[in-house]
Asks: 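Quick one: the structure is below, and I'll ask about it shortly.
Residue numbers start from 1 in every chain, and the chains themselves are labelled A, B, ... in the order their sequence lines are given, proteins ahead of strands.
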2 protein chains.
Amino acid sequence: MSASERRYAPPAVAVSAVAFALGAPEGAELGDADADAGEALEGTLWLPLVRRTREPFAGVWALPGGPIPWDETLAESAERTLRATVGRSPGYLEQLYAFGDVERSGRGQRLVTIAYWALYGENDLAAQAEFPAEVENIAWFSADRLPELAFDHADIVEYALWRMRMKTEYAAVAHRFLGGTFTLAQLRRVHEAILGTEVDPANFRRQALAQGHLVDTGEVETGTRHRPAKLYRFREN
Amino acid sequence: MSASERRYAPPAVAVSAVAFALGAPEGAELGDADADAGEALEGTLWLPLVRRTREPFAGVWALPGGPIPWDETLAESAERTLRATVGRSPGYLEQLYAFGDVERSGRGQRLVTIAYWALYGENDLAAQAEFPAEVENIAWFSADRLPELAFDHADIVEYALWRMRMKTEYAAVAHRFLGGTFTLAQLRRVHEAILGTEVDPANFRRQALAQGHLVDTGEVETGTRHRPAKLYRFREN
DNA sequence: GTAATAGTGTCTATAAGACAATATATT
DNA sequence: AATATATTGTCTTATAGACACTATTAC
């Protein structure tokens with residue numbers, strides 16, 4: 001198909017994924033030289049980007065993604081893309097929106113992108129990478145300090161952040177940033193990272209427990225220099 | 001392209017639209033013989049369907065929709081499809097979800113469908129049809145009593161109903177079912193139709209006015225056999 | 001004991017809902 | 001006046017947030 005034929009061809013479909021984590025995985029390339037991944041645990045969201053090697057937007061950072069094979073569902077495509085980029089499967093994956101403006105892809109074939117929104121929790125990133133994730137052209141950035149992005153990917157990231165902050169949705173998934181058991185203080189810090197504000201510990205405790213989604217494991221934290229906190233886990237069903 | 005080539009081709013993209021109204025337009029074909037469109041104004045939602053003439057699912061009712069031309073945005077495609085089906089433009093249009101399971105379209109080419117959700121208000125339907133809407137194979141059905149639907153369109157309708165009932169979203173658009181001015185009782189009946197429950201008039205009034213989106217026109221209803229109600233309109237900005 | 005955070009109690013402001021009471025038009 | 005709905009008032013309950021207070025561990 002020639003370039004001018006592509007110009008008038010029906011749109012192709014692709015997925016893109018905005019994958020949030022509370023920090024970059026061990027050994028990952030960091031996009032921002034000043035930053036320190038450890039610092040991320042103190043309260044900001046990070047996400048992986050891929051540097052494009054082809055036109056359009058060659059050399060510019062973009063969200064992980066690609067075309068959809070005939071035998072994969074949309075979600076499967078998004079997950080495979082993330083495994084290839086991050087080396088691991090995300091702990092949570094949800095469809096965000098379909099972006100398909102005529103001019104969004106520049107000059108080439110018309111492209112409709114189904115954007116997905118993913119979470120990587122502590123456990124998800126701690127596990128050894130399943131794939132020898134190519135480090136070349138992949139880096140993690142703080143959501144606060146993103147570089148210029150290809151296509152309309154900046155809009156997609158912004159929309160993903162907004163959606164995650166919509167309370168009724170994020171309350172049910174925030175725990176996925178954490179391991180199997182966690183203290184209420186840890187869970188609260190996840191909410192603070194998502195919202196970008198401080199949250200009253202007393203009120204947060206009451207609300208979180210009132211939801212009925214948390215189970216007291218009977219265990220407590222150890223190794224602290226103060227009163228140890230109870231450990232909870234998220235209810236299975 | 002042969003049938004077996006289509007089987008393994010990359011997915012094509014299409015739009016489908018779930019268009020709700022408080023009743024069928026004047027003269028429209030009604031899918032349910034027992035029903036009366038006038039009855040719809042008393043509190044149920046109606047939507048237009050198209051009977052398929054080709055395989056797969058020939059003869060089965062389906063949501064209005066079709067492939068996306070290279071020079072139309074997703075929303076433009078949805079709106080054009082609705083104009084062709086209903087003869088008029090909807091008063092509101094919003095993207096719903098992208099459906100793209102591998103097996104959803106049966107045996108043919110893989111299809112990814114971007115579903116849209118539309119509202120037709122009193123004014124939108126009262127206007128004379130812009131297009132000589134072909135009546136053949138188009139009918140309106142009560143959302144309560146839908147026939148069997150092609151593909152996974154039943155899931156799409158169910159999801160559209162659920163989304164419309166999510167309060168924070170529908171409060172801002174419910175007035176679009178009505179004309180330019182309306183009484184609070186009319187607006188309340190829209191909410192009752194959407195929610196499927198009764199709503200206290202006194203409390204509804206307070207909430208609706210507290211939003212600050214309604215403007216008192218200074219006019220009142222006429223021709224009632226009781227105290228006439230004030231007429232409001234929705235604030236422009 | 002001291003430091004530090006976990007966890008509890010309580011008060012206030014706001015919102016939601018039930019329901020009684022009053023207002024005002026047509027007939 | 002009778003009727004029917006509009007509109008207002010009031011009370012109860014639930015919830016969110018601010019913030020003071022108590023508990024328990026390591027050191």
Side-chain angles (χ1 to χ4, degrees), chain A residues 22 41-43 165-172 174-175 178-179 181-234, chain B residues 22 41-43 165-172 174-175 178-179 181-234:
Chain A
L22 280 184
L41 289 169
E42 317 289 328
R165 286 176 176 142
M166 297 277 82
K167 182 178 142 199
T168 49
E169 316 204 19
Y170 83 69
H175 73 282
L178 300 168
T181 66
F182 46 85
T183 68
L184 286 172
Q186 288 176 309
L187 184 59
R188 175 169 50 85
R189 273 185 277 272
V190 171
H191 284 246
E192 289 173 339
I194 293 173
L195 291 174
T197 67
E198 300 219 328
V199 174
D200 182 287
N203 296 329
F204 178 79
R205 161 180 306 274
R206 262 185 296 266
Q207 277 183 228
L209 294 177
Q211 300 302 108
H213 296 314
L214 299 183
V215 180
D216 188 337
T217 63
E219 318 252 306
V220 294
E221 217 180 3
T222 60
T224 64
R225 58 170 55 221
H226 55 79
R227 172 174 174 179
K230 290 184 190 172
L231 287 169
Y232 294 84
R233 61 179 174 77
F234 204 74
Chain B
L22 280 184
L41 288 170
E42 316 289 330
R165 287 178 175 140
M166 296 279 82
K167 182 178 140 201
T168 49
E169 317 205 19
Y170 83 71
H175 74 282
L178 300 168
T181 66
F182 46 85
T183 68
L184 286 171
Q186 289 175 309
L187 183 60
R188 176 168 49 84
R189 273 186 279 273
V190 171
H191 284 246
E192 289 174 338
I194 294 174
L195 292 174
T197 66
E198 299 217 329
V199 174
D200 182 287
N203 296 329
F204 177 79
R205 162 180 305 274
R206 261 186 296 266
Q207 277 183 229
L209 294 177
Q211 301 303 111
H213 296 313
L214 299 184
V215 179
D216 188 336
T217 63
E219 318 253 305
V220 295
E221 216 181 4
T222 59
T224 62
R225 57 168 57 221
H226 57 79
R227 172 173 176 179
K230 290 183 190 170
L231 287 169
Y232 294 85
R233 62 179 174 77
F234 204 74

Asks: Starting at the 5' end of DNA chain C, which residue's closest nucleotide do you reach first, Ala229(A) or Ala202(B)?
Replies: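 The residue closer to the strand's 5' end, by nearest nucleotide, is Ala229(A).
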
Asks: Measure the distance from CG on Leu231(A) to P on dT25(D) and round it to the nearest whole Å.
Replies: 14 Å

Asks: Would you indicate which nucleotide in dT5(D), dA18(D), dA16(C) comes nearest to any side-chain atom of Gln207(B)?
Replies: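 So the side chain of Gln207(B) is nearest to dA16(C).
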
Asks: What does Thr224(A) touch in the nucleic acid at a heavy-atom separation under 4.0 angstrom: a base, only the sugar-phosphate, or nothing?
Replies: sugar-phosphate

Asks: Using OP1 and OP2 only, check whether a side-chain N or O of Arg227(A) sits under 4.0 Å from dA4(C).
Replies: no

Asks: Tell me the interatomic distance from Arg206(A), atom CZ, to dG9(C), atom P, rounded to whole angstroms.
Replies: 9 Å

Asks: Students often mix this up, so state it plainly: with edges at 30° and 60°, are the rings of Phe204(A) and His191(A) parallel, tilted or perpendicular?
Replies: perpendicular

Asks: Tell me, do Phe234(B) and Leu214(B) make a side-chain contact under 4.5 Å, heavy atoms counted?
Replies: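 Phe234(B) reaches Leu214(B) side chain to side chain.
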
Asks: Whole angstrom is fine here: how far is it from CD in Glu221(A) over to P in dA26(D)?
Replies: 11 Å

Asks: Send over the distance from Asp200(B) CG to dT13(D) P, rounded to a whole Å.
Replies: 17 Å

Asks: Are Arg225(B) and dA4(D) close enough that a side-chain N or O sits under 4.0 Å from OP1 or OP2?
Replies: no

Asks: What's the shortest heavy-atom distance between Val220(B) and Pro228(B), and which atoms?
Replies: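 Scanning both residues completely, I find the closest heavy atoms to be CB-CB, 4.3 Å.
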
Asks: Just how far, in rounded Å, is P of dG17(C) from CD of Glu192(B)?
Replies: 13 Å

Asks: Of all the choices, dA6(D), dT7(D), dG17(D), which nucleotide is nearest to the side chain of Asn203(A) once you look at every atom?
Replies: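 Per side-chain heavy atoms of Asn203(A), the pick is dG17(D).
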
Asks: Tell me the closest heavy-atom pair linking Glu221(A) and Thr183(A), and the distance in Å.
Replies: CD-CG2, 3.8 Å

Asks: Taking atom C1' of dA20(D) as reference, at what distance in whole Å does atom CZ of Arg205(A) sit?
Replies: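 Rounded to the whole Å, the gap is 16 Å.
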
Asks: Which nucleotide in the list dG7(C), dG17(D), dT25(D) gets nearest to the side chain of Pro228(A)?
Replies: dT25(D)

Asks: Figure out the CG/P separation between Leu209(B) and dG9(D), and round it to whole Å.
Replies: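 It is 13 Å, rounded to the nearest whole Å.
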
Asks: Tell me the interatomic distance from Lys230(A), atom NZ, to dT8(C), atom C1', rounded to whole angstroms.
Replies: 11 Å

Asks: Looking only at heavy atoms, which two atoms of Arg205(A) and Tyr232(A) are closest? And how far apart?
Replies: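 Scanning both residues, the minimum pair turns out to be NH1-OH, 4.2 Å.
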
Asks: For Ala185(A), report the nucleic acid contact type (base, sugar-phosphate, nothing); a contact means any heavy atom under 4.0 Å.
Replies: sugar-phosphate

